[in-house]
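Notes follow once the structure below has been shown.
The model shown is predicted, which means the values in this text are computed figures rather than measured ones.
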Amino acid sequence: MDSSINGFTGFGRRNPGFVSAKDAIRKAEIEAQATQHSPVQQARQTLAQAQAFTQGLGSAAGGAGAAARTAAHRSPALKFAAPVSSKDSGLSFDPDKLARIPEEDRRWSWVEVDLSAIRHNTQQVRARLAPGTRLMAVVKADAYGHGAVQVAKMALNSGADYLGVATIDEAIELREALIGAPILVLSQPPETAIPLLLGYKVMPSIYTADFAIAYAEAADAFGITAPFHLAVNTGMNRIGVRWDQVAEFMHQIGFHRALELVGTFTHFATADEAQTLDFQIQTKRFLEALSSLRMAGVDPGIVHAANSAAIIRFPDVHFDMVRLGISLYGYYPCPETLTMIDLRPAMSVYARITDVRTVPLSDGVSYGLHYRSRGASTKICTIPIGYADGLRRALSSRVRFLFNGGLMNQVGNICMDQCMFEVDPYARGLLSRAEPMIGDVVTIIGGDGDNVCTVESMCELLDTIPHEVCIAFGTSRMPRLYR
């Protein structure tokens, strides 16, 4: 019997009286044309023919179907079968049961997020703040790949007061998860997003007069206020009203009755750098901007400037609120902070071995065959994680994974969906002699025994920062599990 269009085949032996679906439908069409039925009648008759065909097939194949059910009664797949309506009916899969197959069982690679680490890091920072100082948890980019909703809830339950996002859609996701805390979009969205800001009660950052007036007019039309935070450019030159023009800017927009200045903020460009001159210049400019607002009779509201590095290094700039970003997820923003606070990484990445083989001496592995096997003393193992899952191709033959407590070299070019690593049975740190098998767990990021594979080690190889590595893994197609 020919394969069907999706690659599956049915029973090869046809019982007497067998009628194919194609023949049944053709016969129905001919009969409909002969009797000049209406289109509705034709459709009904075709459906009836198809139903008769499937019932006949179930009866004709009854013996074979019963034999198949008897032979397969030991298969674990049977737990996903739909209820059988009659003893002659063939088995089929229940879509609801299929949907409940765990994500980590569909493909053997996944990300784990330890929410207790999020709680620990939030509390560590909270303890450094003066009473009354607010804490904003920055959960943009899906909480740096850790899951915005889950992280936001844990951070708020652990001492955070505010949430920071980059886009209106990120804010809407939080609101639809029934999170009612104040949310600030850390940049000015387009004017077309104004109805969403007001409808979901999300505050924008503002730094242009046109947007401010359009925002106020929309709010006024609904009889509500238009709360916002004023972004001040003190030297990073990315967004914001220039520090020496903030009073004039507020004079331009302050006439509108709907506008409500809730907060004023700036962002430090070098708080994580060893030299502090530029940081000090930005701080001085921000203080001048605040002074000019107050002299003009404008209350700046909640003043905030400190990112993770400034929170840890410079208590003098905590002001009324701090913005906790990368350190919320357990990463030190700069070497100077390593001994100043205790942080715990929240993300781990794992995979299971899908193939084990001995590659003959000098045979190549993966695209380009740049790696050559060392022979029978080692095994080449494949795991289903690649650059489409956040494991950057630039790490090829440079990164190491943990297997059975030992550090193993990744070998060959990292592919889009898979990569290979070499198991040395005599590697240091092994919990026991390494004999890899399909299904064994491999640690990409995380600890196993006395060894650990860290995000920071990948950052050194890639010359990048933890933000990029975490986001790449956490927002990939791999499932994200919480513990």
Are any non-hydrogen side-chain atoms of Phe403 and Val423 less than 4.5 angstrom apart? yes
Is there side-chain contact between Leu186 and Val165, with at least one heavy-atom pair below 4.5 Å? no
Whether over 12 other heavy atoms sit under 6.0 Å from [X] [atom1]:
X      : atom1 : result
Arg352 : CZ    : yes
Met416 : CE    : no
Arg398 : CZ    : yes

To check you understand the geometry: which heavy-atom pair defines the closest contact between Ala247 and Ala296, and what is its length? CB-CB, 4.3 Å
Check side-chain hydrogen bond (donor to acceptor under 3.5 Å, both in side chains) between [X] and all other residues, then give those that pass, not counting sequence neighbours.
X      : answer
Ser291 : none
Thr167 : none
Asp142 : Arg480
Glu422 : Tyr371, Arg374

Set of salt bridge (Lys or Arg N to Asp or Glu O under 4.0 Å) partners for Arg107, sequence neighbours left out: Asp389
Those residues at least two apart in sequence (or on a different chain) that pass salt bridge (Lys or Arg N to Asp or Glu O under 4.0 Å) with Arg238 are none
Please answer whether the main-chain N or O of [Y] pairs with a side-chain N or O of [X] as donor and acceptor at a distance below 3.5 Å.
X      : Y      : answer
Arg175 : Lys201 : yes
Glu273 : Gln275 : no
Tyr332 : Ile341 : yes
Ser476 : Met478 : yes
Tyr367 : Gly412 : no
Ser205 : Gln188 : no
Asn121 : Ala117 : yes

Ring centers of His146, Tyr329 separated by less than 6.0 Å: yes
Report yes if the distance between the aromatic ring centroids of Phe265 and Phe286 is under 6.0 Å, otherwise no. no
Would you compute the distance between atom OG of Ser397 and atom CZ of Phe421 and round it to the nearest 0.5 angstrom? 14.0 Å
From Arg400 atom CZ to Cys453 atom SG, the distance as rounded to the nearest 0.5 Å: 7.5 Å
Could you check Leu163 against Leu156 for side-chain contact (heavy atoms from CB on, under 4.5 Å), going step by step and ending with a plain yes or no? CA-CA 8 Å; Leu163 298 173; Leu156 291 169; 4.0 Å; yes
Tell me, which pairs form a salt bridge (Lys or Arg N to Asp or Glu O under 4.0 Å) where one or both residues lie in residues 181-200, sequence neighbours left out? none
Quick test of your reading: applying salt bridge (Lys or Arg N to Asp or Glu O under 4.0 Å), list the pairs with at least one residue in residues 299-328, sequence neighbours left out, ordered by first then second residue. none
side-chain hydrogen bond (donor to acceptor under 3.5 Å, both in side chains) partner of Gln282, chosen from Asn233, Thr234, Thr266, Thr270: Thr234
Apply side-chain contact (heavy atoms from CB on, under 4.5 Å) to the pair Asp355 and Cys381, showing each step before the final yes or no. CA-CA 6 Å; Asp355 186 84; Cys381 300; over 6 Å; no
Please, which pairs that meet side-chain hydrogen bond (donor to acceptor under 3.5 Å, both in side chains) have at least one residue in [range], sequence neighbours excluded?
range            : result
residues 95-105  : none
residues 460-469 : Arg392-Glu468, Thr464-Glu468
residues 154-166 : Arg126-Asp161, Tyr162-His229

We want to know whether Trp110 and Glu112 form a side-chain donor-acceptor pair, criterion being a heavy-atom distance below 3.5 angstrom. yes
Would you mind writing out the side-chain donor-acceptor pairs for residues 440-450 within the sub-3.5 Å range, not counting sequence neighbours?
unit_1, atom_1, unit_2, atom_2, d
Asp440, OD2, Met437, N, 2.8
Asp448, OD2, Gly405, N, 2.8

Take Arg483 and Leu115, measure what side-chain contact (heavy atoms from CB on, under 4.5 Å) needs, and give me the verdict at the end. CA-CA 6 Å; Arg483 54 184 174 88; Leu115 291 175; over 6 Å; no
Of Thr133, Thr264, Leu184, Leu135, which is the lone residue that meets side chain to side chain contact (heavy atoms under 4.5 Å, CB included) with His304? Leu184
Between Gln418 and Ile383, is the side-chain contact (heavy atoms from CB on, under 4.5 Å) condition met? List the steps. CA-CA 6 Å; Gln418 304 174 85; Ile383 52 176; over 6 Å; no
Geometric class of the Phe279/Phe314 ring pair [parallel <30°, tilted 30-60°, perpendicular >60°]: parallel
